[in-house]
Structure formats: C-alpha cells, structure tokens
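Encoded as structure tokens, the structure appears first; notes follow it.
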Amino acid sequence: MPPDRPYRTRFAPSPTGLLHLGHAFSALTGWARAQEMDGTFLLRIEDIDTPRCTQAFRDAIFDDLHWLGLVWPTPVIEQSQRRMAYDRALSGLIARGLVYPCRCTRTEIRAALSAPQEGAPAPTAPYPGTCRHRPPSDAGPKDGWRLNLDAALESLGDTTMGFFENGPLHPGWHNVTSLALLHAHGDIILARRDIGISYALAVVLDDAAQGITEVVRGEDLFDATPPQILLQNLLELPTPTYWHHALIRDEFGKRLAKRDGGRALQAVRGEGLRPSDIIAQLGF
Ligand code: GLU
C-alpha cells in the first residue's frame with residue numbers, strides 16, 4: 001500500500017546499552033527502505049526509561065551509526081524532552097474517561113492472575129482490572145494510568161482497525177479486532193508509575209510527531225503493534241505501514257541482547273572490522 005505522504009522511517013534505539021549487530025541490521029533495514037522509497041531515515045532516542053539510560057550509551061549510538069555511514073536530519077527527537085506532549089495526550093484521554101489510575105505492583109497483578117496451585121507459573125494474561133473502578137480524582141503520586149479498553153472500544157464504535165505489513169515475514173493487511181485486544185492486551189499501561197509514560201503511548205505520539213509513514217523494527221515488536229493501532233485510532237493519528245524484520249541470532253539461535261557485549265558494534269570495531277564488512281556480513 002503506497003503511502004500518500006513522503007516516505008519517512010525511523011530507527012528508535014534505547015540508550016540502555018551498546019548497539020550490537022542486531023541493531024545495525026535494524027538500522028540498515030530502515031536505511032535501505034528509505035533509499036528504496038526515495039524517502040528519509042530518522043533517528044529517535046527512546047530514553048523514557050530514564051534510570052537505565054545513560055549519556056554515554058546515547059553518544060555511542062550516534063557514533064556507531066555514523067561509523068556505519070548513516071545520516072539523519074536534526075534535531076533528533078529524544079523522548080526525555082517530550083514530557084509535555086505525553087502529558088497533554090494523557091490528560092486528553094483522562095478527560096474523555098478512557099483511563100484510570102492504577103497502583104498495582106507487578107507482584108499484585110501476578111498474584112491476582114495466578115492459578116491457585118502452589119508454584120504454578122503465572123499465566124500471561126491481561127491485567128485483571130483491580131483498579132478499574134477508580135475515578136481519575138482518586139489518583140495519587142504512586143499511581144500509573146491504564147487504558148479502560150472497554151470504554152476505548154465503545155468510544156470507537158464500529159471503526160475498522162488494522163495495519164498493513166510490508167515486511168517479508170507477515171505481509172499483508174492485519175485486522176486489529178476487539179476480541180484480540182481484549183484477550184491478548186486488555187487494559188494496557190499508558191503511564192508507568194515510575195516514569196509517567198509507557199512505551200506504547202510514547203511510540204505512537206512520536207511516530208506521529210516525526211511524520212513516520214513506515215515503522216521498520218524487529219519482529220519481537222510485531223505483537224506489540226495492535227495496541228499501538230488502537231491508540232492511533234483513539235488519538236486520531238495516522239497509522240503508518242509496518243515492516244517487521246527477522247532478528248539476528250547468535251550461533252546457538254539465541255536472539256542478540258545488549259548484555260551480550262562481545263557482539264557490540266564497538267567491540268567489532270575494536271577488532272578492526274570496517275563498516276563495509278558489517279554491511280556485507282548482515283547481507284546488505
Ligand atoms: N526502543 C525500542 C527498542 O530499542 C524500539 C521501539 C520501536 O521501534 O518501536 O527496542
């Protein structure tokens with residue numbers, strides 16, 4: 001589905017560690033798509049999870065990406081600078097009666113969800129709705145905010161929701177149905193108690209603010225897409241197309257992680273590899 005706006009994609013790393021070959025693959029996939037579509041490649045720093053984000057990791061992202069030969073327009077959006085935009089969107093949702101304050105801890109949620117058997121693993125299920133009855137006026141400093149999914153779906157009426165995937169793994173149109181949202185996601189967190197915002201809400205607002213027409217990112221985020229489509233519809237923001245790419249794995253088939261420092265781009269650079277070696281190794 002060709003976008004009717006000029007093609008813009010983004011690479012959106014979190015500065016919580018050094019970039020590894022998997023990040024290089026993701027950034028280069030976005031870069032290649034932007035070249036192919038005669039569009040623009042943007043960078044966004046996803047540093048809402050402030051306690052884990054550092055200036056050194058942020059600087060290393062810029063350095064590694066420049067070393068790979070990538071360039072992007074400035075200024076670069078940094079989520080830590082976008083608090084006002086996030087608060088505005090959240091206030092709008094509160095005013096519409098679509099969110100409620102929640103102070104449940106992870107342990108409490110797990111306990112409310114878990115089967116009665118001793119030692120049974122906690123099921124992965126949507127939030128059980130413990131705080132759903134609480135009005136916004138009840139919110140205190142220890143509260144986060146959750147979407148009231150029933151109210152959200154009701155406010156959207158019979159709007160058809162979905163997204164078009166252009167990537168090779170799940171190509172085509174994907175419906176986002178009420179049933180799937182209720183079963184797989186439920187009342188998602190829109191503002192965490194510790195940082196005042198959530199990944200889902202920030203990413204939707206940032207993609208719109210950057211005029212992103214196609215989100216290129218790893219397959220691990222494919223299942224996180226439906227709530228983002230819901231939020232775009234609620235906030236009347238355009239839905240981009242998506243391109244979820246396969247993840248780069250190590251020789252044991254394990255997905256590369258930031259803690260796997262041996263494969264950090266900085267380490268690879270230290271071994272004397274050139275950008276062209278990396279680009280060829282990753283298949284570009
Ligand atoms: N910040 C996320 C990450 O580093 C990427 C989010 C996205 O591309 O939507 O995995």
Side-chain angles (χ1 to χ4, degrees), residues 7-34 40-54 56-62 64-65 68 70 72 76-82 85-86 163-167 169-170 174 176 185 188-190 192 195 197-232 235 237-249 254-261 263-265:
Y7 186 96
R8 284 162 81 85
T9 191
R10 81 320 190 260
F11 177 55
S14 300
T16 54
L18 293 171
L19 297 189
H20 51 59
L21 286 176
H23 293 107
F25 182 70
S26 196
L28 288 165
T29 304
W31 176 262
R33 278 293 287 162
T40 310
F41 169 88
L42 294 110
L43 176 65
R44 178 164 81 229
I45 299 295
E46 299 218 322
D47 55 352
I48 43 167
D49 198 352
T50 37
R52 292 169 61 224
C53 299
T54 72
F57 288 141
R58 178 202 171 278
D59 293 346
I61 288 173
F62 280 68
D64 282 338
L65 295 179
L68 275 174
L70 307 189
W72 50 85
V76 167
I77 280 201
E78 308 204 11
Q79 291 186 325
S80 52
Q81 309 300 316
R82 301 242 316 132
Y86 301 152
F163 65 97
F164 200 86
E165 173 74 29
N166 277 329
L169 303 173
H170 319 271
H174 295 261
V176 172
H185 303 281
I188 56 163
I189 275 281
L190 294 188
R192 271 167 47 175
I195 54 173
I197 181 68
S198 69
Y199 160 68
L201 183 55
V203 87
V204 158
L205 293 169
D206 295 345
D207 284 337
Q210 289 190 292
I212 299 302
T213 60
E214 181 165 273
V215 169
V216 176
R217 61 186 179 191
E219 199 197 0
D220 52 330
L221 290 168
F222 183 77
D223 291 340
T225 308
Q228 295 176 19
I229 306 302
L230 171 71
L231 290 176
Q232 287 154 2
L235 297 166
L237 301 173
T239 291
T241 56
Y242 288 80
W243 181 293
H244 290 91
H245 59 74
L247 300 175
I248 298 285
R249 298 181 185 277
K254 202 173 128 244
R255 177 189 157 199
L256 298 187
K258 281 191 178 135
R259 59 184 173 276
D260 188 6
R263 283 176 185 268
L265 285 180

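Counting starts at 1 for both ligands and their atoms, in listed order. Model, not experiment: these values are computed from the prediction.
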Check: Glu214/Thr241 side-chain N/O donor and acceptor closer than 3.5 Å: yes
Protein contact to atom 10 (O) of ligand 1 [nearest heavy atom, distance to 0.1 Å]: Leu221 CD1, 4.4 Å
For Val203, atoms of ligand 1 separated by under 4.0 Å from a heavy atom: 9 (O)
Option with minimal heavy-atom separation from atom 6 (C) of ligand 1, where the choices are Glu46, His244, Arg217, Gln228: Glu46
Tyr199 touching ligand 1 at heavy-atom level, < 4.0 angstrom: yes
Listed partners of Arg217 passing salt bridge (Lys or Arg N to Asp or Glu O under 4.0 Å), at least two apart: none
Worked check of side chain to side chain donor-acceptor pair (under 3.5 Å) between Arg8 and Gln210: CA-CA 8 Å; Arg8 284 162 81 85; Gln210 289 190 292; over 6 Å; no
Partner set under salt bridge (Lys or Arg N to Asp or Glu O under 4.0 Å) for Asp47, not counting sequence neighbours: none
Contacting atoms of ligand 1, where contact means under 4.0 angstrom from a heavy atom of Ser14: 1 (N), 4 (O)
Residue from Arg44, Gln228, Gln232 passing side chain to side chain donor-acceptor pair (under 3.5 Å) with Asp207: Arg44
Atom 5 (C) of ligand 1 - nearest protein heavy atom and its distance: Ala12 O, 3.3 Å
Side chain, backbone, both or neither: the part of Val215 lying under 4.0 Å from ligand 1 by heavy atom: neither
Nearest-contact summary for atom 8 (O) of ligand 1 - protein heavy atom, Å: Arg10 NH1, 2.7 Å
Ion pair check, Asp206 and Arg10, cut-off under 4.0 Å: no
